[in-house]
Number of protein chains: 2
Amino acid sequence: MNTQPINKPTESELEILNILWTLGPATVKDVHEKLALTKDTGYTTTLKIMQNMLGKQLVTRDASSKIHVYTAAVNQEQAQGEMVQKIIQTMFNGSAMQLVMQALGNHKTSDSELAMIQEYLEKKKTKQ
Amino acid sequence: MNTQPINKPTESELEILNILWTLGPATVKDVHEKLALTKDTGYTTTLKIMQNMLGKQLVTRDASSKIHVYTAAVNQEQAQGEMVQKIIQTMFNGSAMQLVMQALGNHKTSDSELAMIQEYLEKKKTKQ
DNA sequence: TTTTAATTACGACAACTGTCGTACATTTGA
DNA sequence: TCAAATGTACGACAGTTGTCGTAATTAAAA
């Protein structure tokens, strides 16, 4: 799997990547069905975007049968990391903490989740 | 200050907004100088982007003197909130926790900052 | 006053995106 | 076999963005 800096996906491409990360290898039809749940868009539009993504090497595809199967070519965690990095720089003045506060502030997060974060923080403190 | 859903800024517009949030009301020159520190771009480019932003009502300006003074017209916290929301939905399957983990994982965060987050979490747990 | 400098306005341009209609190819089933 | 259904390919288009050259305007300085 490619670990080069990612050829920055657009908003729409990101949505599709997210679907591919969830579904694993999938056809245009699969992706479009998922996408259509939240977005009013045509089949050929989805197809075209995925073809663009192929050009950018954001996905790979198996075209051995008529029905092409697409797979995300970028690592989910890496993409998440780069995005978070970007946001922190651009919107939170380089402070991860400010981002964390925002993320937790406007969200209902369960006690168990909060506990997990606390645990994570403990480990991190001792490690550093 | 406007609290309507924000007319979504582009990447470049976001950089400029961030500068305006830091500087407060500022001229194109001020903004461009800041911007030029990290980005190789022409003065008129910055100007044009800021004029676009005026059109979108992302900024306001005082044009009473020759030297126009621009002010961010969107609330920083709201913009941050909407961005974080978007990211969580699009890239983290709706889980704020996953975002938090990412943000803390790839960053050197000081112990004191970590402690602040922990404190924040404690308060949040008891409140909820 | 005249020149120079600083600023803004305007227009042009290429690249990228999302959108879709339509053509083409392939498979399926009647 | 042949028509229908299912997919993909291709091309066109409009809107947005970032980029910048250059013109116009205004203020400051000589």
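Proteins come first, then strands; the chains are lettered A, B, ... in the order of their sequence lines, and each starts at number 1. Quick note: numbers below take in every heavy atom, side chains included, and nothing from hydrogens, waters or symmetry partners. As the structure is a computational prediction, the values presented were derived from the model and not from experiment.
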(request) Please confirm whether the backbone N or O of Glu77(B) pairs with a side-chain atom of Asn75(B), one donor and one acceptor, at under 3.5 Å? (result) yes
(message) Could you check whether any side-chain N or O of Thr45(A) sits under 3.5 Å from a backbone N or O of Thr41(A), counting only pairs where one atom can act as donor and the other as acceptor?
(response) no
(request) Just call it for Ser12(A): base, sugar-phosphate, or nothing, with non-hydrogen atoms closer than 4.0 Å on any strand. (result) sugar-phosphate
Which whole-number value in Å describes the distance from [X] [atom1] to [N] [atom2]?
X: Leu35(B); N: dT19(D); atom1: CG; atom2: C1'; result: 13 Å
X: Met50(A); N: dA9(D); atom1: CE; atom2: C1'; result: 15 Å
X: Leu54(A); N: dT17(C); atom1: CG; atom2: C1'; result: 17 Å
X: Asp40(B); N: dC20(D); atom1: CG; atom2: P; result: 8 Å
X: Lys8(B); N: dG18(C); atom1: NZ; atom2: P; result: 11 Å
X: Asp30(A); N: dT8(D); atom1: CG; atom2: P; result: 10 Å
X: His32(B); N: dT19(D); atom1: NE2; atom2: P; result: 11 Å
X: Glu13(B); N: dT19(D); atom1: CD; atom2: C1'; result: 14 Å

(message) Between Glu82(B) and Lys8(B) (salt bridge meaning N to carboxylate O under 4.0 Å), is one present in this structure?
(response) no
(message) Would you say that Ile16(B) contacts Met53(B) through its side chain, given a criterion of any heavy-atom pair below 4.5 Å between the two side chains?
(response) yes
(message) Does any part of the side chain of Val31(A), heavy atoms only, come nearer than 4.5 Å to the side chain of Tyr70(A), both counted from C-beta?
(response) no
(request) Evaluate whether atom CD of Glu11(A) has more than 12 neighbouring non-hydrogen atoms of other residues, nucleotides or ligands under 6.0 angstrom away. (result) yes
Between the protein and nucleotides 6-12 of chain C, which nitrogen or oxygen pairs come in under 3.5 angstrom?
from, atom 1, to, atom 2, distance (Å)
dA6(C), N3, Lys66(B), NZ, 2.7
dT7(C), O4', Lys66(B), NZ, 3.2
dT8(C), OP1, His68(B), N, 3.2
dT8(C), OP2, Tyr43(B), OH, 2.7
dA9(C), OP2, Gln51(B), NE2, 2.7
dA9(C), OP2, Arg61(B), NH1, 3.3
dG11(C), N7, Lys48(B), NZ, 3.3
dG11(C), O6, Lys48(B), NZ, 2.7

